[in-house]
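Here is the structure we will look at.
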Amino acid sequence: MSQGFDLKGSYYSYRNKETIPSVFIHGVGLDHQMWKPQINSLNEFSTLTYDLLGHGKSELIDNEVSLDDFSNQLKSLLDFLNIKEINLIGFSLGSLIAIDFTIKFKEYLNTLTLMGTTYQRTDEERSKVLDRFEQAKLNKPISRQALKRWFSDKYLDENPEIYNEFMNILNKKPKDHNNFLKAYKLFANHRDDIELIKKIETKTLIMTGSDDPGSTVAMSESLSKDLVNSKFVEVKNGKHLCSIECADDVNINLKNFIYN
């Protein structure tokens with residue numbers, strides 16, 4: 001496992017097993033460590049995780065951040081590591097980045113996996129996200145609210161270490177909070193380019209928890225209809241972070257999709 005920074009200051013963790021790497025993009029406010037259950041499950045394959053701009057150990061000095069910035073960050077990292085082909089997996093904001101990257105740099109893609117992604121939000125759904133963004137701007141604590149959306153109460157009760165780990169991640173220092181707001185603003189105001197999405201031909205897996213209140217099953221089903229070469233899997237009893245709470249189910253589907 002090699003870890004370090006590329007020439008533009010992006011932090012990464014790369015395990016090279018001489019297979020097509022599976023590259024994981026985390027969600028807003030998190031970092032590369034959210035993918036530990038998947039990295040452990042795929043231990044016989046090449047994997048790459050990294051911190052998005054303004055997250056974890058990766059710097060962000062600009063006042064705004066765009067999907068272009070995030071996609072170019074990933075391209076620079078792949079070129080730095082001399083990786084020519086990938087299986088790309090995104091979660092939440094990471095899924096929006098993965099879609100954008102696929103549209104711009106499809107030559108890198110072997111497969112695409114989208115987890116917990118939003119699609120064609122209604123006005124009411126958009127209003128709820130924007131309201132949470134406004135609360136975050138006022139420095140109101142959103143970490144407890146987020147965990148309620150991301151995990152079931154039962155899971156948090158039975159796994160207090162996960163609760164503590166994510167509370168620590170979400171309660172940020174002022175500089176990190178400012179960078180979080182830049183990415184959250186992008187996520188909250190995002191609008192899907194449906195016509196470009198319909199042109200994606202990459203083999204795609206879409207996964208969403210059955211109980212995810214923000215990235216709903218209906219959204220994923222609609223996205224799957226618009227992606228010509230996709231399949232949709234509903235993760236039973238999963239909420240937004242089903243990749244952790246329902247890791248076994250997610251990992252089986254991921255392995256079967258990418259490697260079988």
Side-chain angles (χ1 to χ4, degrees), residues 5-6 8-12 24-35 49-74 76-77 90-101 114-151 162-193 212-216 219 239-241 243-244:
F5 296 87
D6 71 4
K8 295 190 176 181
S10 294
Y11 182 80
Y12 68 88
F24 295 83
I25 313 177
H26 64 78
V28 65
L30 301 174
D31 62 27
H32 74 283
Q33 296 181 85
M34 71 155 281
W35 296 110
T49 57
Y50 68 102
D51 291 339
L52 291 172
L53 297 170
H55 291 70
K57 298 178 182 179
S58 295
E59 288 289 327
L60 174 61
I61 58 174
D62 296 330
N63 291 326
E64 299 279 340
V65 68
S66 66
L67 286 179
D68 272 346
D69 294 327
F70 285 127
S71 287
N72 289 332
Q73 178 196 18
L74 176 55
S76 294
L77 177 58
F91 164 73
S92 198
L93 172 63
S95 283
L96 303 184
I97 297 167
I99 290 171
D100 187 72
F101 184 89
L114 306 171
M115 297 178 56
T117 188
T118 60
Y119 189 60
Q120 292 187 269
R121 289 177 179 136
T122 64
D123 290 341
E124 181 182 359
E125 289 165 341
R126 186 177 304 281
S127 177
K128 288 179 180 178
V129 181
L130 289 170
D131 181 60
R132 292 197 295 270
F133 172 62
E134 291 301 321
Q135 290 183 50
K137 283 169 60 179
L138 297 172
N139 286 318
K140 292 185 177 180
I142 63 167
S143 48
R144 292 180 187 275
Q145 296 177 34
L147 290 183
K148 292 287 187 180
R149 294 193 307 275
W150 293 356
F151 299 104
I162 295 293
Y163 178 88
N164 292 332
E165 178 182 350
F166 278 85
M167 285 293 286
N168 288 334
I169 291 172
L170 292 170
N171 287 314
K172 299 182 181 300
K173 297 175 182 178
K175 178 184 175 183
D176 294 333
H177 183 72
N178 188 41
N179 281 333
F180 161 73
L181 290 176
K182 297 172 191 176
Y184 203 172
K185 179 182 179 181
L186 173 66
F187 176 73
N189 288 282
H190 176 75
R191 293 183 182 273
D192 305 292
D193 191 327
D212 190 330
S215 303
T216 64
M219 287 180 181
K239 297 190 82 171
H240 196 42
L241 265 172
S243 60
I244 295 176

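Each residue takes its place number in the sequence, starting with 1. In what follows, every heavy atom counts, from backbone to side chain, and hydrogens, waters and symmetry copies are set aside.
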Margin query: I need the minimum non-hydrogen distance between L114 and T117, along with the two atoms involved.
Written below: CB-CG2, 4.3 Å

Check: Would you call the rings of Y184 and F133 parallel, tilted or perpendicular, where under 30° means parallel and over 60° means perpendicular?
Finding: perpendicular

Notebook entry, point to check: Counting distance only, does the side-chain N/O of H177 pair as donor-acceptor with the main-chain N or O of A136 below 3.5 Å?
Noted result: yes

Check: Is the distance between the ring centroids of F91 and H240 under 6.0 Å?
Finding: yes

Note to self: Determine whether a donor-acceptor pair (N or O, by modelled atom type, separation under 3.5 Å) exists between the side chain of K182 and the backbone of D62.
What the structure shows: yes

Notebook entry, point to check: When you look at I244 and W150, which way does the side-chain contact (heavy atoms from CB on, under 4.5 Å) test go after all the steps?
Noted result: CA-CA 10 Å; I244 295 176; W150 293 356; over 6 Å; no

Item checked: Distance, nearest 0.5 Å, that separates CG of D176 from CG of N171 -> 11.5 Å

Notebook entry, point to check: Can you list the steps and then say if L186 with F70 is a side-chain contact (heavy atoms from CB on, under 4.5 Å)?
Noted result: CA-CA 11 Å; L186 173 66; F70 285 127; 3.6 Å; yes

Check: Are the side chains of M34 and F24 in touch, meaning some heavy atoms are under 4.5 Å apart?
Finding: no

Check: Within the side chain of H26, is there an N or O that forms a donor-acceptor pair under 3.5 Å with the backbone of L52?
Finding: yes

Check: How far apart are the closest heavy atoms of Q73 and D51, and which atoms are they?
Finding: NE2-O, 3.0 Å

Margin query: Looking only at side-chain N and O atoms, does K175 offer a donor or acceptor that is under 3.5 Å from a partner on N178?
Written below: no

Notebook entry, point to check: Do you know which two heavy atoms are closest between G90 and S95, and how far apart they sit?
Noted result: O-OG, 2.7 Å

Notebook entry, point to check: Would F187 and H190 count as a close aromatic pair, with their ring centres under 6.0 Å?
Noted result: no

Next item on the list: Calculate, to the nearest 0.5 Å, the distance between atoms CG and CZ belonging to L30 and F180 respectively.
Entry: 9.0 Å

Notebook entry, point to check: After noting the C-alpha distance and the side-chain angles of H32 and H55, does the key distance pass the side-chain contact (heavy atoms from CB on, under 4.5 Å) rule?
Noted result: CA-CA 9 Å; H32 74 283; H55 291 70; over 6 Å; no

Notebook entry, point to check: Going by heavy atoms in the side chains, are L74 and I97 under 4.5 Å from each other?
Noted result: no

Next item on the list: State plainly whether the residues E134 and K137 are in salt-bridge range, i.e. N to O under 4.0 Å.
Entry: yes

Next item on the list: Identify the residue among Y12, Y50, Y11 that makes a ring-ring contact (aromatic ring centres under 6.0 Å, His included) with F5.
Entry: Y11

Check: How far does CG of N72 sit from OG of S66, to the nearest 0.5 angstrom?
Finding: 7.5 Å

Next item on the list: Please check if any side-chain donor atom of Q135 sits under 3.5 Å from a side-chain acceptor atom of D131, or the reverse.
Entry: yes

Check: Rounded to the nearest 0.5 Å, how far apart are CD1 of I25 and CH2 of W35?
Finding: 8.5 Å

Next item on the list: Can you see which heavy atom on E125 is nearest to which on R121, and at what distance?
Entry: OE1-CA, 3.3 Å

Check: D68: what forms a side-chain hydrogen bond (donor to acceptor under 3.5 Å, both in side chains) with it, not counting sequence neighbours?
Finding: K104

Margin query: Has S127 got a side-chain atom pairing as donor or acceptor with D123's backbone, closer than 3.5 angstrom?
Written below: no

Checklist line | Which residues share a side-chain hydrogen bond (donor to acceptor under 3.5 Å, both in side chains) with S71, sequence neighbours left out | finding: D100

Check: Should the pair R149 and F166 be classed as cation-pi, given the thresholds of under 6.0 Å to the six-membered ring centre and 45° from the axis?
Finding: no

Next item on the list: Working to the nearest 0.5 Å, report the span between CG of N179 and CG of L60.
Entry: 4.5 Å

Notebook entry, point to check: Which pair of heavy atoms, one from L93 and one from A183, lies closest together, and at what distance?
Noted result: CD2-CB, 4.2 Å

Item checked: Between NZ on residue K239 and OG on residue S215, distance to nearest 0.5 Å -> 12.5 Å

Notebook entry, point to check: Would a distance-only check, ignoring hydrogens and angles, find a side-chain to backbone donor-acceptor pair under 3.5 Å from E59 to G9?
Noted result: no

Check: Under a 4.5 Å cut-off applied to non-hydrogen side-chain atoms, are L147 and L170 in contact?
Finding: yes

Next item on the list: Determine whether R191 and R126 make a side-chain contact, defined as any pair of heavy atoms from C-beta on separated by less than 4.5 Å.
Entry: yes

Checklist line | Under 3.5 Å donor-acceptor, N168 side chain and N164 backbone | finding: yes

Check: Around atom NZ of K185, are there more than 12 heavy atoms of other residues, nucleotides or ligands at under 6.0 Å?
Finding: no

